[in-house]
Amino acid sequence: MPDRNPAAAGSEDFWRAFMTDPFAVRGPHRRDGVWTIVTYQPGARRVEILADCDPPLPMQAAGGGLFLGVPASVSRYRLRIHWPGGVQA
């Protein structure tokens with residue numbers, strides 16, 4: 001299983017997994033009983049998780065265009081991406 005830790009984003013194994021099976025390292029994942037969401041948005045200023053039942057959650061920038069969030073619940077969600085020229089939701 002590839003390393004899903006965004007802090008390891010510089011590793012060769014991480015990027016090999018990202019290129020061959022992107023959803024192995026991004027998207028929602030459950031690890032040690034905790035859900036995390038990872039997204040790759042190079043150039044974004046910030047990213048938020050918008051869930052049906054929870055308030056918007058700012059994601060933590062992990063460097064290299066990766067963002068990490070730990071939502072209160074993992075129901076349906078979408079991302080609000082803040083780009084230099086505008087916002088995409």
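The basis for the numbers below is simple: all heavy atoms, side chains too, and nothing from hydrogens, waters or symmetry mates.
In plain terms, the two heavy atoms of Gly69 and Pro71 that are nearest each other are O-CD, 3.5 Å. Pro84 and Gly43 make their closest contact through CD-O, 3.4 Å (heavy atoms, listed as atom of the first residue, atom of the second, distance). Taking every heavy atom of both residues into account, Trp83 and Pro42 meet most closely at CZ3-O, 3.3 Å.
Interatomic distance, His29 NE2 to Thr36 OG1, rounded to the nearest 0.5 Å: 6.5 Å.
Residues Ile37 and Met59 are in side-chain contact: their nearest non-hydrogen atoms beyond the backbone lie under 4.5 Å apart. Side-chain contact between Val70 and Val34: present, with at least one pair of heavy atoms (C-beta onward) separated by less than 4.5 Å. Side-chain contact between Thr39 and Leu66: absent, with no pair of heavy atoms (C-beta onward) separated by less than 4.5 Å.
For residues 38-48, the salt bridge (charged side-chain N to carboxylate O under 4.0 Å, His left out) pairs, not counting sequence neighbours, are Glu48-Arg80.
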*Report the C-alpha separation of Leu79 and Leu50 in whole Å, then their side-chain angles, then the decisive distance to 0.1 Å, and conclude whether the side-chain contact (heavy atoms from CB on, under 4.5 Å) test is met.*
CA-CA 6 Å; Leu79 301 176; Leu50 304 176; over 6 Å; no
